[in-house]
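Here the structure is laid out as structure tokens; the discussion comes afterwards.
Note that the structure is predicted; figures quoted are calculated from it, not measured. Quick note on labels: first sequence line is chain A, next is B, and so on, each numbered from 1.
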Amino acid sequence: VKRPDPADASPRGQADGDPHATLADFHEPKPRPQSPMTLPDLATKYDPSAIERAIYDRWIEAGVFTAQVDTEREPYVIVIPPPNVTSVLHMGHGLNNTLQDVFIRYRRMTGREALWLPGTDHAGIATQNIVERALASEGRRRQDLGREQFVERVWAHVRETGGSIIDQLKALGCSCDWSRTRFTFDDAYSTAVRRVFVHLHREGLVYRGHRVIHWCPRCLTSLSDEEAEFRERDDHLYYIRYPFVGSGDRDGAVVATTRPETMFGDVCLVYHPDDDRFAGLRGATVEIPLSKVPIPIEQSTAVEREFGTGMLKVTPAHDANDFDIAAALPGDYGTPAIMTDDARMADDPRVPKALRGLDRDEARQRILDLLKAAGLLVKVDPYGHAVRHCYRCHTVVEPRLSDQWFVKMRPLAQPALDAYRDGKLTFVPDRWGKVYEHWLTEIRDWNISRQLWWGHRIPAWYCEADGCDHITVAMEPPGACEQCGGPVRQDDDVLDTWFSSWLWPFATMGWPDRTPDLARFYPGHTLVTGPDIIFFWVARMVMAGYYFLDERPFDTVYLNGIVRDPQHRAFSKSLGNGIDPLEVVESYGADALRFTIVAGAGAGTDVIMDRTDLDATFAAGRNFANKLWNAGRLILSQLGDAPPPIDALDPSDLTLADRWILSRCQRAVQEATLALERFRPNDAANVAYHFVWDELADWYLEQVKPRLYGSAKGTAVAQAILVSVFETSLRLLHPVMPFITEELWAHLPGERAALLAGAEWPRPEDELIDEMAESEFALVQAIIGAVRTIRAEYRVPLSTEVRTVVTIASDTARRGVAAEHATIERLAKLSELAVDEATAGVGGHAVLPDGSAVFVALGDAIDVAQECTRLRGEMERLERQLTEVAAKLANEQFVARAPSDVVEREREKESSWREQSETLAAKLHALGC
RNA sequence: GGGCGAAUAGCUCAGGGGUGCAGAGCGCCUGCCUUACAAGCAGGAAGUCGGGGGUUCGAAUCCCUCUUCGCCCACCA
């Protein structure tokens, strides 16, 4: 260790221009500083429930969430993904809405005219299911009530849950503009939906189609492709012989199928024209087993020769592919339907009498038994495949031939695709953009009619006059058929929920009218939602936005993750593993919930929460809120009246710690701002957290106490710095923790915005960074750390008077330490820390950030033998490092190719370590080891 | 069948376009009720960054491959 320059010796503090410190201060025992002021009326522990409600009311009263139409400010708009009115919110909503609130509060503070438009979704099939389930528990079905009464019943449910949802959002602190709350079933919104249907129909983009769609036999409705989701299933592949007519069942064509129960709807068998195994069979006739209905054998290139037997049964009414295959065949084979809408075997001459009325699963079993008995079941193989299920009730979907309304998607998809490819629409994280792109590229027409009662009734009227099959599509009920004047009957069906929610970004703003809101707040900016509805909702909103307003509805799609339990299962009602956000808000406060969820969730990463240990799950947020609260209590109690603004301070009055904390604060501002701009709210939260806890509370507050309590000079300066730094901290944390920051803000002295929610975001300014102060204070921290480590290792109690001697290698470090004499005592919790040339005694050393070493001696308090062991360990470590670095420097390739500063750093390391090693050797020698 | 993502400390996760990057929170160990905070303070242990191979002066980081999980898409019935 390099010896300090004696010329530079005591009184070092004064030599370095620190007006407050003298070496003598450290050797004079003095009374503990007493806090001259009393703490304000803030509880020792942060109690969120005591303040949250009142704070929310103040925001509402002040109208800070209400977006203005007539301001100069640039708008910033988020539309909420409207929660379904099926039930109250779960933790997934907690995550989603907290993120939106962070984004909107941040932009509001940066001076944008921020609009967060809230609302709810009528959620057709989902809500209808909930109410039907409630009815079922009363032993009734919707048919017992009739359409009108049933819808009234749903409304009653919706009014209840819709209100709860809004209360929940408020409890979370969401800064929505409640004056603009919308519901996808509002009258005005319904008008927009009808308008879209009518318009697209006129343009030929909505049409009536006759084809095989996905049908949920439990919900009794058709579903779109997206609503029929795949699930893997362990199934079987049944090999069934279709006997040639007149062969007496002994000879026939063997077909492999997973669905024997559909066989009565077969119209033919097909094989690939190039398949030699079946050469010449074309035109032959086989009988459907059991029903003995004769069907021909045909050829189709759609057949995969490798699969099964290479012979495929064609059931056009019960399989979409078969429908296409049959349609492509030369003859007309018809489309016999042999199942009812609730998936039972139909009362149809094609179905053997014994099977009629059985549901599809029972029927399958019976058929297999019968086939086996008849010797026609050749083989059964286990077969795993993906089967479509209803996304609402998880019943296996039944392909069903029917008439439905469809949207022609290709023309709508193109602009949405271009927007992504041209960079007008970005996804965070980016990989979801590819998912979006792929879906749009492979897009198929959208079945939008649902055989439900809860939803937007399709504005189509069928003519009931004989000989007229005209369909009148209109905004309002036509009195008569527009073609023949005959009587009309409205379509019984309703529209897919998503056919209304795809209009959300503009139908909520009054479209199709040219409202001021629409002019001002469309297009919007950020959409925050889950990746599971990219197809259902995100892509379709983009399509609708371009089609009807010729502009994207938002520029960035931020995809949040999914909240899961410790077994990584998504929260669900059936598993009962969910966490009620309100319960968490009550126990730990909205801010604790918000902080935990934001800090713990990067874009697109799932969040794991354990309902069995809420304390641990929300500890980070709860503990931090309490820390901030208590730091606030200390600071607020010490500010007196209004300290001067920091601009008014004489820079020469600032201590190293002052300059350091100001610089660190500025760095936090820069990093948090950058993080939010880049849609990294977790980074922003963590930056603010570490600044407040690790730097402001752990170091600055400790070191500033003597000045605050009047035992050191410069009280006013310290107060000014404190108020400035704390105020900035509150601003930085406000988007994530709005309640506690707002409450503390209210206690700050001096002139500033009345509400933090409406205050300005701190402006990042490079010139406020003080690199010198940062590096010097880092030395101070390193030295104190070394002292603490040694003190802890040797169990030197704080009550023991110990002379601590620090020898520092570099001038920089010496200056840093000397400047901090006056304040170091408290922060180090040492009885004394002195700087001296004498390096006598035993102790330990630490390497400082600048590569120099510090040796800390603790006088007589230490056992020599113990110290020798310790020093030997140090020595070994040093030698290992030295060998490594020497080998590196001996490597010619490294020296030649690595960047020069890297090589230089290695050299510095080597010389520094070599010096340390020599010093250590001397110490060991001196101690007689 | 195609595609995507993940694998880092006991748990949950950051990081990762080469060189002071081996990190955070929780948990654990030790000592402290120090007049803001025991929801705290100080100190500490703990990971061959999933396995293998490659490129390079240098790989947790880039490439290949394997394994294990998860997700999405898909007309082999």
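The side chain of D698(A) lies closest to rC41(B), out of rC41(B), rA39(B), rA36(B). Out of rC37(B), rG25(B), rC26(B), the shortest distance to the side chain of A620(A) is found at rG25(B). Looking at the side chain of F894(A), the nearest of the listed nucleotides rU12(B), rU19(B), rC26(B) is rU19(B).
When both pairing distances are held under 3.5 Å, rC69(B) makes a Watson-Crick or G-U pair with rG5(B). If you check rU55(B) for Watson-Crick or wobble pairing at under 3.5 angstrom, you find it has no partner at all. rG17(B) is unpaired under the criterion used here, namely a Watson-Crick or G-U wobble arrangement in which both key atom distances are under 3.5 Å. Using Watson-Crick or G-U wobble geometry with both donor-acceptor distances under 3.5 Å, rU12(B) finds its partner in rA24(B). Base pairing annotation: rC33(B) forms no Watson-Crick or G-U wobble pair, as no partner gives both donor-acceptor distances under 3.5 Å.
Checking the phosphate oxygens (OP1, OP2) of rU34(B), no side-chain nitrogen or oxygen of Y709(A) falls inside 4.0 Å. At least one side-chain nitrogen or oxygen of K705(A) sits closer than 4.0 Å to the OP1 or OP2 atom of rA36(B). For rC26(B), one of the phosphate oxygens OP1 or OP2 lies less than 4.0 angstrom from a side-chain nitrogen or oxygen of N623(A). Considering only side-chain N and O atoms, R897(A) lies under 4.0 angstrom from the phosphate OP1 or OP2 of rC57(B). Side-chain N/O atoms of K434(A) include none lying less than 4.0 angstrom from OP1 or OP2 on rG5(B).
Ring geometry for F536(A) versus Y391(A): interplanar angle under 30°, hence parallel rather than tilted (30 to 60°). The aromatic rings of F624(A) and W693(A) lie parallel to each other, with less than 30° between the two planes, well short of the 60° mark.
For rA42(B), its base never sits under 3.5 Å from the side chain of E702(A) at any donor and acceptor pair.
Nucleotides rA60(B) and rG52(B) place their C1' atoms 16 Å apart, quoted to the nearest Å. Taking atom C1' in both rA39(B) and rA46(B), one finds a spacing of 25 Å when rounded to whole Å. On the P atoms, rG50(B) is 12 Å away from rA6(B), given to the nearest whole Å. Taking atom P in both rA14(B) and rG5(B), the straight-line distance is 15 Å, to the nearest Å. Nucleotides rC49(B) and rA24(B) place their C1' atoms 15 Å apart, quoted to the nearest Å. With both ends at atom P, the span from rG47(B) to rG2(B) equals 40 Å, rounded to whole Å. Using atom C1' as the reference point in both rA9(B) and rC28(B), the two lie 11 Å apart (nearest Å). With P as the reference atom, rC63(B) and rG16(B) are 15 Å apart, rounded to whole Å.
Atom CG in N686(A) sits about 13 Å away from atom C1' in rU12(B), given to the nearest Å. In this structure, the CD atom of E892(A) is 13 Å from the P atom of rC57(B), given to the nearest Å. Rounded to whole Å, the distance from CG on D430(A) to P on rC4(B) is 13 Å. Rounded to whole Å, the distance from OH on Y689(A) to C1' on rA39(B) is 11 Å. Rounded to whole angstrom, the span from the CG atom of D694(A) across to the C1' atom of rC41(B) amounts to 13 Å. Between the CD atom of E671(A) and the P atom of rA14(B) there is a distance of 19 Å, rounded to whole Å. What separates CG of L708(A) from P of rU35(B) is a distance of 17 Å, to the nearest Å. In this structure, I562(A) places its CD1 atom 14 Å from C1' of rC4(B), rounding to the nearest Å.
Counting non-hydrogen atoms of neighbouring residues, nucleotides and ligands closer than 6.0 angstrom, the CG atom of D234(A) reaches no more than 12 such neighbours. Atom CZ of R678(A) is surrounded by 12 or fewer heavy atoms from other residues, nucleotides or ligands within 6.0 Å.
Partner of K313(A) under the side chain to side chain contact (heavy atoms under 4.5 Å, CB included) criterion, out of V286(A), I288(A), V267(A), V255(A): V255(A) alone.
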- Message: ring-ring contact (aromatic ring centres under 6.0 Å, His included) for Y46(A) and W629(A)? Distances and angles first, verdict last.
- Response: CA-CA 6 Å; Y46(A) 174 54; W629(A) 183 256; 4.9 Å; yes
- Message: Show, in sequence, the C-alpha distance, side-chain angles and deciding distance for Y588(A) and D615(A), and conclude whether the side-chain hydrogen bond (donor to acceptor under 3.5 Å, both in side chains) test is met.
- Response: CA-CA 9 Å; Y588(A) 308 108; D615(A) 269 351; 2.5 Å; yes
- Task: Begin with the C-alpha distance, continue with both residues' side-chain angles, and end with the deciding distance and a verdict on ring-ring contact (aromatic ring centres under 6.0 Å, His included) for F307(A) and Y383(A).
- Result: CA-CA 12 Å; F307(A) 189 86; Y383(A) 182 62; 5.8 Å; yes
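Of the charged side-chain nitrogens involved, at least one lies within less than 4.0 Å of a carboxylate oxygen, so that R364(A) and D235(A) count as a salt-bridged pair.
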- What string of B, S and - do you get for nucleotides 70-77 of chain B, 5' to 3', when a contact is any protein heavy atom under 4.0 Å? --SSBBBB
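Two residues, T44(A) and W693(A), neighbour RNA chain B, and the one matched to the more 5' nucleotide by heavy-atom proximity is T44(A).
Between the Q719(A) side chain and the Q638(A) main chain, a donor and an acceptor come within less than 3.5 Å of each other.
A697(A) comes within 4.0 angstrom of a nucleotide base, judged by non-hydrogen atoms across all strands.
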